[in-house]
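Values below: all heavy atoms of this structure, side chains included; hydrogens, waters and symmetry mates excluded. Lettering of chains follows the sequences in order, A, B, ..., and the numbering in each one begins at 1.
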Amino acid sequence: MATRNAYAFAIAATLSSLASMTALVACSSDTSNPAPTVYTIHSDAGDAKTTSEASTTSTPDATIDATTVATDATDATKPSTPDAGSDASLDHASPDAPREDAAPVDAPIADAKPKDAGCTGDGGCWRCTPATNTEFLNQCTSAACTPFNNFQRLPDYDGSLPPLN
Amino acid sequence: MMNAKPNLRLPPHFRAAYSPGACLAACLAAGAILATPSEAHASQSCSTLPGTPLYGAGGSAQLPFLAQLGTQLAKLSAPISIIYSDSGSACAGYEDLVTPTTIGGTANYWDGSGSTLTCQLDPGGDPVTFAVMGNGPTLCSGVTALASGFGQFLGPVQPVDFVAPVQSSQQSITTEAAYYIWGFGASSASYAVSPWGTPADIFTRSASSFVNLFVSLDTGVPAATVALHGTVESTNTATLSALNALNGTSAAEAGIGFVSGEVADGNRSEIKVLAYQHTGQTCGYWPDSTAQAFDKLNVRSGQYWLWSPIHLYAAVGASGQITDPATASLVGYITGSVTPPTSVDLFAAELGAYTVPQCAMQAWRDGDLAPLYSYAPPSPCSCKFDFATENATKPATCKTCTQNSDCSTQHCRNIGPPLHSDAGGANVGYCEVN
């Protein structure tokens, strides 16, 4: 488990680092999503800009105008109506009991690497209909975003989390 | 009642967006109903409130939604008075229902004026017929399954937000940063995340509150540990007030906490919502398309990780039907299984509480922070929601309409009074994708 999570965090860390250096591409993968538009990545530094500010104020290493890529995915799945009773039967660990390795749950593991290069937009965003957590979280989008650099902000962070005391 | 604090706060765009004659006017023209409890008005006995009283208990995260709906129901010709205790926590309210345990002291209620008022419960306590949480019961300590004889019903979706004083310059946070902050509480420089390095300016909640449980589940920090690190606040609104108190001080930059999106969005003049970057995510996203928007674009698409539908609980019979008729009506209005009186506008209540109707979701999950999957509502309202929240980047296919042929999607839905004064016509619909 610890190895698995360490792997996940290494992937996440790599992706996070890339995000701070690379322009993400805005795109849409669902016809019901907003039409793609150019957007701006904001710095996570203390002097973060608003969208409008960012368009006129340069922040050297973090404010990056993204380009636009349109997609025409129309193959959204049609799952059933949410199951009202479903999560009552889930086997969640007691929140008061420390987990096996106290690492974040739901960290994308096996699906962290894009499976279909044709679905990967510039900057690594996912432009097809998402099917995994990683794909949902990294969809190409018209939304603004602001990366947070764990390596710069967290003390002695090397991609793994320190054990809780 | 005279000293009640009106909960009339509304984002500027909402104030500008809705025409007086619009279908949302019933609750929004009167102003947004914020669930900040009024000053004490406990001289009012809860049991003598007009109409049918409905006693519930649960978390404070959902108070804005209950305020919206409670205000509408109180104005019916045959009024329903929702009487709700959030004095415990999410899990405490659930336990009040399933144990069962009567609630005492004071409770919130709504009289139709747009204010959240308080009344005095009976000296011997009152039994509750419904409970409300943001999470499922198995996140509550010691609970392994939904209690036998009770049903779970899901309402609109709400995010959980990391928030800072509005004067903070901070913009985003990661799962890992939250792990440091609430796992160690800035106990030493080795674990302090700048600028959130002052233990007293980190705010937290009890281990039985929904927002704590979600931060715990998300980060892997046990809920009891999350509750130990930071100044403990009793409700979402208390966290809001504590963070707001840091504005105008040198500590504004150091303040951080977590509250429900319902509470956060009604108070953006006091706190700011931080973009959230989940583990494995390449950038931090707000629940909305921008920090200023209210469109919940990223919640709806699944790009924002921390969200959950409002969970309601009630006693059910063998067929799964809620046994108490009045409770069955209330829950049915929320889930859509019971048609509400014509003057009750559930969409308006959901919108006014900054929640997302299920019909506007494009992603779903089956359980607390469970894996995401694409979701196509049977009767979608994404376009209507986009119009209502003035989503500047709504799809090109999203237009107003009066008939199916007006839409390239051939689906003109939700026809009714226009949401906006410039929509034109006595009744308009919205072009939905299916």
Side-chain angles (χ1 to χ4, degrees), chain A residues 12 15-16 18-19 24 30-35 37 41-42 44 46-48 51 76-79 81-90 92 94-96 98-99 102-108 112 124 129 133-134 136-139 141-148 150 153-155 161 164, chain B residues 136-139 141 145-146 152-154 169 171-177 179-180 183 190-191 193 207 213 216-217 219-220 222-225 275 277-285 289-290 297-298 301-303 362-364 366-369 371-376 382 393-396 433:
Chain A
L15 292 173
S16 296
L18 287 172
L24 285 180
D30 188 317
T31 53
S32 59
N33 280 337
T37 56
I41 299 175
H42 303 281
D44 67 338
D47 61 347
T51 301
T77 57
K78 294 186 178 182
T81 300
D83 178 359
S86 57
D87 64 1
S89 61
L90 293 179
H92 293 301
S94 169
D96 292 330
R99 292 189 174 82
V105 297
D106 295 308
T129 299
N133 285 345
T134 298
F136 274 100
L137 293 171
N138 295 299
Q139 295 170 71
T141 178
S142 59
C145 72
T146 302
F148 183 105
N150 285 331
R153 302 281 299 270
L154 306 183
L161 294 171
L164 298 173
Chain B
T138 56
L139 269 191
S141 180
L146 176 64
Q152 173 178 279
F153 307 89
L154 302 180
S169 68
Q171 294 286 305
S172 62
I173 188 172
T174 56
T175 314
E176 293 76 18
Y179 175 95
Y180 273 70
S190 300
Y191 303 117
V193 181
L213 290 166
S216 169
L217 182 62
T219 60
T225 302
Q277 184 173 326
H278 186 60
T279 299
Q281 200 162 19
T282 56
C283 200
Y285 292 88
S289 58
T290 67
L297 181 70
N298 296 322
S301 69
Q303 193 134 28
Q362 295 149 21
W364 199 257
D366 294 328
D368 296 323
L369 300 184
L372 299 161
Y373 60 83
S374 291
Y375 173 58
S382 276
T393 58
K394 62 182 179 294
V433 293

CG of A:Leu137 to CG of B:Leu372, rounded to nearest 0.5 Å, is 6.5 Å

Heavy-atom nearest pair, B:Thr393 first then A:Ser142, reads OG1-OG, 3.5 Å

In short, A:Pro147 meets B:Ser172 closest at the heavy-atom pair O-OG, 3.6 Å

Non-hydrogen side-chain atoms of A:Asn138 and B:Gln281 separated by less than 4.5 Å
yes

Note: B:Ser374 and A:Phe136 closest approach over all heavy atoms is N-CZ, 3.3 Å

Cut-off 4.5 Å, heavy atoms of chain A, and the answer for B:Tyr180 is side chain

dist B:Tyr191:OH -> A:Leu164:CG (nearest 0.5 Å) comes out at 9.0 Å

Interatomic distance, OG1@B:Thr279 vs CG@A:Asn150, rounded to 0.5 Å, equals 8.0 Å

Separation between OH (B:Tyr285) and CD (A:Gln139), nearest 0.5 Å, reads 8.5 Å

For B:Gln277 and A:Thr146 the tightest heavy-atom approach is OE1-O, 4.1 Å

Scanning both residues in full, the closest heavy-atom pair of A:Ala144 with B:Thr290 reads CB-CG2, 4.3 Å

